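Any value given below was found using the heavy atoms of this structure, including those in side chains, with hydrogens, waters and symmetry copies removed. Here the structure is a predicted model, which means the values were calculated and not measured.
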Amino acid sequence: MALDANEIARLSGIAMWRDDKASQGLGMEILEVGPGNAKLVMPVTERMLNGHGTCHGGFIFSLADSAFAFACNSHGQPAVAQHCSVTYITPGRLGMRLIADARERQRGERSGIYDITVRDEAGTVIAEFRGHSRTLPGSLIE
């Protein structure tokens with residue numbers, strides 16, 4: 001029996017999460033994974049603050065990168081980052097729950113482009129991230 005795209009995305013997310021110690025270690029949670037998209041949340045903790053008292057950009061980048069990873073791997077085929085860029089808009093602050101929403105813009109045979117917006121719970125844009133993926137041989141699911 002062939003799996004539909006939603007089931008492939010769900011199973012791919014489970015397979016990815018199982019071994020993703022980085023995202024788990026930063027307190028991220030998966031809110032949703034679908035074909036070509038993903039939404040993750042991460043609380044800003046005291047250990048994430050920089051010398052200005054705001055969330056260090058590396059943690060914001062990591063959240064966006066993790067959402068990117070779940071989105072570009074949602075088709076059941078392994079994919080890795082080829083190139084990423086981020087623009088920081090507004091500082092993240094202690095106690096915020098940052099939400100990264102990843103959307104597939106283009107997907108070809110070997111590469112894809114994904115846009116990820118990181119917002120706080122009020123909807124304020126914290127950062128915009130663009131990721132370019134490279135597809136690898138193999139499968140994430142049986």
Side-chain angles (χ1 to χ4, degrees), residues 3-142:
L3 300 174
D4 72 8
N6 288 313
E7 185 65 5
I8 290 169
R10 186 184 75 77
L11 293 172
S12 296
I14 290 169
M16 290 281 296
W17 185 253
R18 181 178 47 241
D19 295 323
D20 188 349
K21 304 305 180 217
S23 298
Q24 293 174 33
L26 291 174
M28 293 181 200
E29 298 174 34
I30 299 171
L31 297 178
E32 63 185 62
V33 176
N37 63 76
K39 191 180 287 189
L40 275 68
V41 63
M42 178 185 76
V44 177
T45 65
E46 192 171 344
R47 296 186 74 187
M48 297 176 175
L49 301 181
N50 61 22
H52 298 290
T54 60
C55 186
H56 189 287
F59 292 107
I60 297 168
F61 186 99
S62 293
L63 173 62
D65 189 39
S66 290
F68 166 46
F70 281 90
C72 71
N73 281 276
S74 66
H75 300 287
Q77 190 171 6
V80 295
Q82 177 174 290
H83 171 77
C84 301
S85 63
V86 66
T87 302
Y88 300 103
I89 310 294
T90 304
R93 305 222 180 261
L94 179 63
M96 282 183 169
R97 285 175 42 92
L98 301 181
I99 302 160
D101 189 2
R103 301 286 167 198
E104 189 172 82
R105 303 293 296 164
Q106 184 279 332
R107 180 173 173 261
E109 186 177 323
R110 296 181 301 177
S111 61
I113 299 173
Y114 296 78
D115 286 333
I116 298 85
T117 300
V118 178
R119 293 181 172 89
D120 65 13
E121 288 184 297
T124 302
V125 175
I126 304 297
E128 292 286 353
F129 177 107
R130 175 161 273 194
H132 299 250
S133 68
R134 186 70 170 175
T135 305
L136 303 174
S139 176
L140 290 171
I141 57 178
E142 301 299 320

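The side-chain heavy atoms of Val44 and Phe59, taken from C-beta on, include no pair separated by under 4.5 Å. Contact check for Met48 versus Leu26: side-chain heavy atoms found under the 4.5 Å cut-off. Leu136 places none of its side-chain heavy atoms less than 4.5 Å from the side chain of Gln77. When side chains are defined from C-beta on, Ile141 counts as touching Ser12, because their heavy atoms get closer than 4.5 Å. With contacts defined as side-chain heavy-atom distances shorter than 4.5 Å, the pair Ile113/Arg130 qualifies.
If you take CD1 on Ile8 and CG on Asn73, they are separated by 13.0 Å, rounding to the nearest 0.5 Å. The structure places CD1 of Ile99 at 15.0 Å from CD1 of Ile116, a figure rounded to the nearest 0.5 Å. One finds the NE2 atom of His83 at 5.0 Å from the NE2 atom of His132 (value rounded to the nearest 0.5 Å). Note that CG of Leu40 is 6.5 Å distant from CH2 of Trp17, once rounded to the nearest 0.5 Å. Here Ser74 contributes atom OG and Met16 contributes atom CE; the two are 10.0 Å apart, rounded to the nearest 0.5 Å. Considering CZ of Phe61 and CZ of Phe68, their distance stands at 9.0 Å, rounded to 0.5 Å.
Panel note: side chain His56, backbone Gly58; a donor-acceptor pair is recorded below 3.5 Å. Listed for the Ser23 side chain is no donor-acceptor partner under 3.5 Å among the backbone atoms of Met28. A donor-acceptor pair under 3.5 Å links the side-chain atoms of Asn50 to the main chain of Gly53, judged by distance alone.
Ala100 and Leu63 get closest at one heavy-atom pair: CB-CG, 3.6 Å. The two residues Ala67 and Ala102 come nearest to each other via the heavy atoms O-CB, 3.5 Å. Nearest approach of Tyr88 to Gly57, heavy atoms of both residues: OH-O, 2.9 Å. The two atoms that bring Ile60 and Cys55 nearest to each other are CG1-SG, 3.8 Å, heavy atoms only. Residues Ala79 and Cys72 share a closest heavy-atom pair of CB-O, 3.5 Å. Of all non-hydrogen atoms in Asn6 and Pro35, the two that sit nearest each other are OD1-CD, 3.2 Å.
Heavy atoms of other residues, nucleotides or ligands lying less than 6.0 angstrom from CD of Glu46 number 12 at most. Counting non-hydrogen atoms of other residues, nucleotides and ligands closer than 6.0 Å to CZ of Arg134 gives a total above 12.
Under the side-chain contact (heavy atoms from CB on, under 4.5 Å) rule, Val125 has a single partner from Thr87, Thr90, Val118, Ile89, which is Ile89. Arg97 pairs in a side-chain contact (heavy atoms from CB on, under 4.5 Å) with only one of the listed residues (Glu121, Met42, Arg119), which is Glu121.
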From CA spacing to verdict: side-chain contact (heavy atoms from CB on, under 4.5 Å), Glu109, Thr135: CA-CA 8 Å; Glu109 186 177 323; Thr135 305; over 6 Å; no

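In this structure Glu128 satisfies the side chain to side chain donor-acceptor pair (under 3.5 Å) test together with Thr117, sequence neighbours excluded.
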